[in-house]
Amino acid sequence: SASEMRQLRIDHRNARKRRQELQSERPTFELKLAAAEDFKNAPELYFPHSVDFRGRAYPVPPHLNHLSDDICRGLLEFAEPKRFGKEGLYWMKVTMANLMGKNKIPFDERVALVDAERERIIATARDPLAQTSLDFWTAADDGPWQFLARCFELSAAWESGDPEGFPSRAPVQLDGSCNGLQHYAALGRDEAGARAVNVTPSDRPQDVYSIVLAIVKEKVEKQAAVVIEEPDAGEGVIENCQAQEEQEGKAVKKKAKKRKATAAELKKYAERLIELEVLQRKVVKQTIMTICYGVTTLGARRQVLGQLEDMVGDKVELTELNDLAGYLSTLVLKSIDEVFKQAMQIKKWFDSVSKVFNSKEVPTGWIAPSGLTCVQPYKKTRKVQSMTRRQKVTLADTDGDKVDKGKQRMGFPPNFVHSLDATHMMLVAQACKGEGMTFAGVHDSFWTHACDAPRLNVLIRDAFVDLHQRPILNELYRDLQIQLGGTDLPPLPTQGDLDVTLVRGSAFFFH
């Protein structure tokens with residue numbers, strides 16, 4: 001029947017997609033395990049780092065490092081142990097709750113949650129491959145391998161008879177709450193935006209993803225309730241940049257035209273999203289995380305499409321998912337603009353500044369608060385083809401004379417924010433070194449021994465205040481004017497009244 005054939009097409013597409021994913025995942029996984037095996041008897045490992053043009057630090061070893069995925073992070077621990085102490089035991093439990101995806105509740109509730117799972121944690125450490133154990137630790141959404149490693153650690157501490165005196169090596173992690181938007185909120189002194197991303201104090205963690213999702217739901221429900229009297233043009237733009245259809249077992253790419261959707265179509269999309277029950281936090285999360293890093297309309301659509309495929313790809317055709325993703329991503333972007341008006345104004349100012357640089361055919365550059373001179377390296381690629389008797393060889397020169405104006409404009413907002421989070425990380429690392437604390441950093445995720453987590457919390461907030469009490473945008477404005485020889489620039493956006501020192505009282509700024 002037609003419905004059976006439709007389901008077969010869907011199943012075939014999903015099976016082929018999963019096979020392609022595994023083809024790349026398996027060899028990568030084995031390389032990481034091989035590196036760990038090679039160094040398993042080494043008393044200590046050191047990770048030399050390189051710094052990119054924005055100041056962000058990256059480990060040089062490619063396979064096994066703490067910047068990598070969950071399995072690598074689960075395999076690594078600090079070389080020097082430190083005793084838990086009462087506070088360290090507390091923060092190890094907080095970290096475990098975070099890995100279980102329970103990071104939107106107060107700290108005491110997270111600790112109580114882990115204490116309630118004590119017997120399962122001990123059983124998992126004793127036999128991690130038992131079915132009940134597998135069901136437990138693999139369900140840790142935010143890092144199953146890291147969660148398993150901490151099951152071993154916490155179980156050993158409990159069974160030692162002196163948990164607070166147990167010598168711990170497993171790192172605890174303090175992660176920023178949508179860190180890019182935290183920096184934008186501080187730049188614009190945006191009180192509402194700061195509240196949404198935990199820059200200011202609150203009794204419970206604020207979840208910006210849920211805040212935006214609530215606005216998206218309201219828009220979808222309103223659209224679904226519209227009474228259609230006659231065909232008309234709607235407001236939402238559906239961007240199907242690439243629709244795939246299954247024909248004779250092969251994926252055929254069809255370029256769809258950009259057009260306005262009718263009100264009837266928008267109503268149908270809204271009703272379908274509600275019917276499929278896909279209006280969930282994870283659908284909007286990735287787009288919100290990347291909005292301050294320059295995600296485009298196309299990029300947002302692809303992000304939403306990926307989530308929809310994971311959620312309902314086993315029962316909905318890809319062509320329909322494309323339509324739903326185009327509609328939903330448009331609403332997500334509009335909702336983000338409503339929540340973070342100040343951040344979006346700053347981002348637009350960045351865009352206007354980069355256009356001035358592009359008009360002069362020079363790369364956009366600035367001096368980061370760390371003192372690092374940042375220059376965007378994006379230039380037009382010049383290709384030269386060389387014919388030989390056997391083949392045609394294309395040589396690409398990426399260091400030409402002309403700048404790539406598109407990349408320069410798109411890159412400036414995210415790269416400037418990256419230079420801020422890089423500066424923040426360097427300030428925290430320097431402070432930790434001064435106090436004899438072990439530190440590891442992954443851009444906006446800072447690691448240390450469990451017993452030092454309370455002090456790291458203080459250092460993170462102090463560094464953020466030190467950074468943002470400076471007139472960063474004014475300094476940037478003067479720096480850019482000097483580079484451009486006094487050329488007039490668009491006026492800076494108006495700032496709000498946020499007191500950045502309030503971050504010192506925000507328990508959930510990094511958590």
Side-chain angles (χ1 to χ4, degrees), residues 94-95 97-110 112-113 139-143 173-186 188 190-224 269-270 273-293 295 299-301 303-308 310-312 324-325 327-344 444-445 498 502-503 506-511:
V94 169
T95 293
N98 291 347
L99 292 169
M100 295 168 72
K102 306 298 183 182
N103 60 345
K104 300 307 173 189
I105 56 178
F107 294 131
D108 288 346
E109 292 181 24
R110 298 183 214 183
L113 185 148
D141 293 340
D142 289 352
Q173 305 163 6
L174 301 177
D175 299 342
S177 300
C178 210
N179 189 237
L181 287 172
Q182 290 178 327
H183 284 288
Y184 264 120
D190 180 5
E191 291 178 306
R195 192 180 311 115
V197 289
N198 294 300
V199 173
T200 53
S202 58
D203 295 333
R204 300 179 69 87
Q206 298 298 303
D207 184 13
V208 63
Y209 311 119
S210 297
I211 293 171
V212 173
L213 177 61
I215 298 174
V216 171
K217 280 185 175 180
E218 183 181 348
K219 293 179 185 295
V220 172
E221 289 167 359
K222 184 177 179 180
Q223 187 75 58
Y269 298 143
L273 289 171
I274 294 172
E275 177 191 349
L276 293 170
E277 299 181 343
V278 294
L279 296 177
Q280 299 178 25
R281 182 176 177 272
K282 60 184 176 182
V283 174
V284 304
K285 181 177 180 180
Q286 189 178 9
T287 304
I288 297 169
M289 289 175 65
T290 55
I291 188 66
C292 52
Y293 299 137
V295 67
R301 188 196 66 82
Q303 291 170 345
V304 173
L305 176 61
Q307 292 296 332
L308 293 179
D310 290 342
M311 296 170 70
V312 293
L324 295 177
Y327 168 67
L328 184 53
S329 62
T330 301
L331 295 185
V332 172
L333 291 173
K334 287 182 178 179
S335 301
I336 293 171
D337 285 348
E338 292 177 20
V339 177
F340 295 100
K341 292 179 182 178
Q342 195 74 31
M344 295 305 104
D444 59 356
S445 176
L498 173 69
L502 290 175
V503 74
S506 175
F508 307 110
F509 173 58
F510 269 61
H511 64 108

If we ignore hydrogens and angles and just use 3.5 Å, is the side chain of Asn198 paired with the main-chain N or O of Gln206 as donor and acceptor? yes
Sub-4.5 Å side-chain heavy-atom contact between Met289 and Tyr209 = yes
Heavy-atom closest pair (Val220 atom, Ala270 atom, distance to 0.1 Å) is O-CB, 3.4 Å
* Asked: Is the shortest side-chain N to carboxylate O distance from Lys104 to Glu109 below 4.0 Å?
  -> no
Heavy atoms, side chains only, cut-off 4.5 Å: are Glu191 and Gln342 in contact? no
Heavy atoms, side chains only, cut-off 4.5 Å: are Leu113 and Met100 in contact?
yes
Checklist entry - Got Tyr327 and Gln223 here, is their nearest side-chain heavy-atom distance under 4.5 Å? => result yes
Discussion item. Salt bridge check, Arg281 against Asp207: does any charged N sit closer than 4.0 Å to a carboxylate O?
Written reply: yes
Taken to the nearest 0.5 Å, the spacing of Asp142 CG from Thr95 OG1 works out to 12.0 Å
Minimum side-chain heavy-atom gap Thr200-Val503 below 4.5 Å: no
Determine whether the side chains of Ser445 and Asp175 contain a donor N or O and an acceptor N or O closer than 3.5 Å. yes
Tell me, do Phe508 and Asn103 make a side-chain contact under 4.5 Å, heavy atoms counted?
no
On a heavy-atom basis, the closest approach of Val332 and Val212 is O-CG1, 4.3 Å
When rounded to the nearest 0.5 Å, the distance separating CZ of Phe509 from CG of Leu174 is 11.0 Å
